[in-house]
Amino acid sequence: MASEPTTVTITGAGGQIGYALLFRIAAGDMLGEGRPVRLRLLEIPQGLRSAEGAALELQDCAFPLLHGVELSDDPRVAFEGADICLLVGARPRGPGMERADLLAANAGIFGPQGAAIGEVAADDVRVVVVGNPANTNALIAAASASPGVPAHRFTALTRLDHNRAVGQLAEALDARPGDIAGVAIWGNHSATQFPDAAHATVRGEPVIDALATRLGGVEAARAWLDDVFIPRVARRGAEIIEVRGSSSVASAANAAIEHVRDEQRGTGGRTTSAAVVSRGEYGVPEGLVCSFPVVSDGEGYRVVEGLDLDERGRARFEASVAELEAEREAVEALGVL
Ligand code: NDP
């Protein structure tokens, strides 16, 4: 007998990432072949037409797993009974916009959405925030959903940064992405993030050793990680915009699908990266939504503890956490939290 459909709500569904997400979710890429889905598309009134067009195309795909598509501009309707929420729609930074203005604009989106999730979503709902500034938007949504939904059910996307890091290492080491394990993204999904290869391996060999062999020593390997790898991963979004003339939509959608897939179905012991609500791991203040190396057994992401960070890595991580704290303070000053 076919299982009950899983209700998946996508905000900003009429946008570019929405367009890249919907068809793959409906095809079963996120939840697997055995799980039918019901899609709920939330848009602001001016985005509804675009979402409606995508819904027509979904119908034309005749996906066997798709048990309906519903559209709304009302969060309480779109999140009703939702099992999984992907919060994609966000206010982009406009010209001359200060960080406080950006945070305030997004608090006006993620506060009410979090509150609606807390009131009407399924008891075991899981939420991933894609829309930037993703970590702090997730913090706002989680705070607004309390006490209906525990904060740890909210996460933010750093899987794209993780995948970018894996891609860079695979290229540098003439390996395949599947050969690389143990990469970690620490901190904020911003230019301050710390992509960390210190515990990474390539076909079981430490990445640092494999790089040293190729580049002529450990010092050269460290210099490549500091001067090429870290800035390239952190600025990859800008590189894509420059080369493609448009933002990294397909890879962002792919990362969001992998984030939810691995959270729901488990990572099989492999480490990935996700921004989760800190319980104080690695000294990160409790409650911040911070990226860590994580694993999932299918019951949500859990931080991989006990990894060593060297002095330089610790300094990079602390700088990114300081940025998250400053964002939280800015939001608190707005009276949102
Ligand atoms: P996109 O679908 O391209 O992007 C949506 C969000 O994802 C942005 O915040 C963007 O951040 C973020 N993002 C995260 N990672 C990436 C990445 N690698 N590449 C690109 N973006 C990334 O935006 P559109 O403008 O096409 O669509 C947004 C939709 O959301 C619109 O249809 C709009 O109507 C809707 N919307 C809904 C709101 C609501 O639900 N209340 C509020 C505002 C908009 P960044 O800005 O940093 O690129």
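We count residues from 1, following the sequence as given. Both ligands and their constituent atoms are indexed starting at 1 by order of listing.
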For the hydrophobic clusters of this structure (ILVMFWY residues joined by side-chain heavy atoms under 4.5 Å, transitively), does one cluster hold both Leu39 and Val77?
no
State the atoms of ligand 1, each with its element, that fall below the 4.0 Å cut-off from a heavy-atom position in Leu160.
18 (N)
Note: ligand 1 atoms sitting under 4.0 Å from heavy atoms of Ala90 are 9 (O), 43 (C), 44 (C)
Looking at Asp161, Thr158, Asp196, which hits side chain to side chain donor-acceptor pair (under 3.5 Å) with Trp186?
Asp196
Checking heavy-atom distances from atom 10 (C) of ligand 1 to each of Asn132, Val249, Leu42, the winner is Asn132
Backbone of Arg270 reached by a side-chain donor or acceptor of Thr267 within 3.5 Å:
yes
Heavy-atom side-chain proximity of Asp262 to Tyr301 below 4.5 angstrom:
yes
What residue and heavy atom of the protein are closest to atom 38 (C) of ligand 1, and at what distance?
Ile44 CG2, 3.6 Å
Could you tell me which atoms of ligand 1, counted from 1 in the order shown, lie closer than 4.0 angstrom to a heavy atom of Ala252?
16 (C), 17 (C), 18 (N)
Using only atom types and a distance under 3.5 Å, with no angle test, would you say the side chain of Thr9 pairs donor to acceptor with the backbone of Arg40?
no
With a 4.0 Å cut-off, strictly under, does atom 48 (O) of ligand 1 pick up any protein heavy atom?
no
Taking Arg91 for its side chain and Gly108 for its backbone only, find out whether a donor-acceptor pair lies under 3.5 Å.
no
Counting heavy atoms under 4.0 Å, the part of Ser248 that contacts ligand 1 is both
Close approach of Gln113 to ligand 1, heavy atoms, under 4.0 angstrom
yes
Quick one, Val8 and Leu86 - any side-chain contact, counting heavy atoms below 4.5 Å?
yes
Should you measure from each heavy atom of Gly12, which atoms of ligand 1 turn up under 4.0 Å away?
29 (C), 30 (O), 35 (C)
Testing the basics here: between Leu65 and Glu33, what is the closest heavy-atom pair and its distance to 0.1 Å?
CD2-O, 3.0 Å
Could you name the option among Ile109, Ile17, Leu41 that has the heavy atom nearest to atom 21 (N) of ligand 1?
Ile17
Keeping the roles fixed (side chain from Arg236, backbone from Glu239), state whether a donor-acceptor pair exists under 3.5 Å.
no
min-distance protein heavy atom vs atom 26 (O) of ligand 1 -> Gln16 N, 2.8 Å
What residue and heavy atom of the protein are closest to atom 28 (C) of ligand 1, and at what distance?
Gly15 CA, 4.1 Å
Those atoms of ligand 1 less than 4.0 Å from some heavy atom in Gly89:
30 (O), 36 (N), 37 (C)
Which heavy atom of Phe79 sits nearest a heavy atom of Ala116, and at what distance?
CD1-CB, 3.9 Å
Show the atoms of ligand 1 that are less than 4.0 angstrom away from any heavy atom in Val88.
5 (C), 6 (C), 7 (O)
Going by the atom numbers of ligand 1, which of them fall below 4.0 Å from some non-hydrogen atom of Ser247?
20 (C)
For atom 35 (C) of ligand 1, state which one of Arg93, Arg49, Arg91, Glu43 supplies the nearest heavy atom.
Glu43
